[in-house]
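To start, the structure under review is shown below, and the notes come after it.
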Amino acid sequence: MKSQTEYLTFNTRKPREYINITDRVAQVVARSGISEGMVLVSAMHITAGVFVNDAEDGLLADIDEWLESLAPYRDGYRHHRTGESNGDAHLKNLLVHHQVVLPITAGRLDLGPWQQIFYAEFDGQRPKRLVIKALGE
Amino acid sequence: MKSQTEYLTFNTRKPREYINITDRVAQVVARSGISEGMVLVSAMHITAGVFVNDAEDGLLADIDEWLESLAPYRDGYRHHRTGESNGDAHLKNLLVHHQVVLPITAGRLDLGPWQQIFYAEFDGQRPKRLVIKALGE
Amino acid sequence: MKSQTEYLTFNTRKPREYINITDRVAQVVARSGISEGMVLVSAMHITAGVFVNDAEDGLLADIDEWLESLAPYRDGYRHHRTGESNGDAHLKNLLVHHQVVLPITAGRLDLGPWQQIFYAEFDGQRPKRLVIKALGE
């Protein structure tokens with residue numbers, strides 16, 4: 001069995017950002033030397049997510065607006081009694097989820113034609129980590 | 001380590017459909033010869049999902065209505081400026097997610113009594129692929 | 001390849017409860033003897049979920065209120081024609097998902113500083129099972 005584990009750190013300029021990390025995940029897969037396996041891509045924070053969707057700017061703006069409509073930034077979350085103001089970011093994280101698992105086939109990330117991997121920052125402007133772990137043979 | 005990778009193609013009659021694929025996933029697990037492992041079941045498109053729930057027609061209709069209420073088919077998505085009209089399907093995909101990972105124990109898909117695996121088509125009437133990859137020993 | 005599979009059973013006092021199972025998952029990882037791998041944590045019922053978030057009581061109350069607002073307990077779900085009354089629990093399960101996959105690195109659960117694993121019960125007061133399966137080397 002082979003494994004390869006790498007960490008990325010993001011420090012976004014805006015509170016919310018969607019960053020295409022497909023190439024970086026593909027590079028980890030290439031470095032792993034794995035022919036058949038799976039790769040886990042997982043945010044290590046509870047106010048950030050990872051999802052697979054289309055690299056189309058209009059769609060990413062739609063996604064951002066939609067997440068804000070379902071899990072709005074607002075006062076009044078109980079979580080804010082701790083001094084935090086990011087209750088919405090925790091809920092957005094639950095909506096899109098913090099991780100994906102992707103297939104590795106014949107030594108490559110086995111994605112469909114439009115599938116791109118995004119790191120979704122919901123409470124940025126500070127360093128946040130993500131782990132990429134490939135496992136297989 | 002053993003692995004088994006198979007692809008299914010769906011071409012639904014309706015734009016939205018929910019197809020029970022539990023038996024097909026179980027067959028891949030059987031062909032893999034894996035005793036202990038995991039199987040990834042993942043849509044290869046960004047307008048389709050995979051989820052685990054109950055094979056009960058009323059519930060599937062409830063799920064469809066609920067997804068439509070949270071991520072409605074409508075004009076006005078920015079994504080439609082590209083000529084597409086399936087903005088809602090991308091959001092529904094984010095809600096239910098495009099993949100599940102299931103345990104293989106003692107050579108079988110290790111599901112609970114009511115757990116069934118569904119392919120969820122949100123923008124059908126054309127060929128769409130899904131990958132099933134079992135990994136283990 | 002090594003694997004370790006264990007089952008937990010929950011029988012909550014309330015219909016909805018959020019139970020921190022991080023230590024129990026870490027114990028399975030320790031017993032597995034796996035140095036590099038992944039661990040799948042998956043509810044075996046379709047009215048319960050597993051998610052990773054912050055162990056902060058105010059936030060858990062926010063999450064519960066938010067799930068209830070997006071997938072309310074109510075009459076009128078088609079699923080209730082079967083005699084059930086838990087349509088909302090199925091939808092809440094779809095929202096938070098029934099499983100997570102977590103990295104094992106250097107023999108330990110490789111979580112970020114605030115990441116805790118929760119079993120989310122949406123239709124409790126009866127025995128419900130969860131499977132934890134670690135895989136790696």
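Within every chain, numbering begins at 1; the chains are lettered A, B, ... in the order of the sequence lines, protein sequences first and strands thereafter.
Between atom CG of residue A:N53 and atom CD1 of residue B:I46 there is a gap of 5.0 Å, rounded to the nearest 0.5 Å. The structure places CD1 of A:I63 at 6.5 Å from CG of B:L91, a figure rounded to the nearest 0.5 Å. One distance of note links CG of A:L135 with CG of B:L135; it measures 7.0 Å at 0.5 Å rounding. Rounded to the nearest 0.5 Å, atoms NE2 (B:H97) and CZ (A:F51) are 10.5 Å apart. Within the model, atoms OG of B:S3 and CD1 of A:I34 stand 11.5 Å from one another, a figure rounded to the nearest 0.5 Å.
For a heavy-atom cut-off of 4.5 Å, chain A lies close to B:Y77, B:R78, B:H79, B:T82, B:H90 in residues 75-90 of chain B.
Using a 4.5 Å cut-off between heavy atoms, A:L67 makes no contact with chain B at all. For B:A43, the part sitting under 4.5 Å from any heavy atom of chain A is the backbone (N, CA, C, O) and nothing else. For a residue to count as touching a neighbouring chain, one of its non-hydrogen atoms must lie under 4.5 Å from one of that chain's; by this rule A:L60 does not touch chain B. Residue A:Q116: no heavy atom, backbone or side chain, is found under 4.5 Å from chain B.
The environment of B:D57 atom CG is sparse: at most 12 non-hydrogen atoms of other residues, nucleotides or ligands sit within 6.0 angstrom. In the displayed structure, B:R13 atom CZ is contacted under 6.0 Å by at most 12 heavy atoms of other residues, nucleotides or ligands.
Looking at every heavy atom in both residues, A:P103 comes nearest to B:V131 through CG-CG1, 4.0 Å. In this structure, B:M1 and A:E36 approach most closely via the heavy-atom pair CE-O, 3.7 Å.
Using modelled atom types, one side-chain atom of A:W66 and one backbone atom of B:L70 make a donor-acceptor pair closer than 3.5 Å.
Listed by first and then second residue, the side-chain hydrogen bond (donor to acceptor under 3.5 Å, both in side chains) pairs involving residues 98-112 of chain A are A:T105-A:D110, A:T105-B:K133, A:D110-B:Y7 (not counting sequence neighbours).
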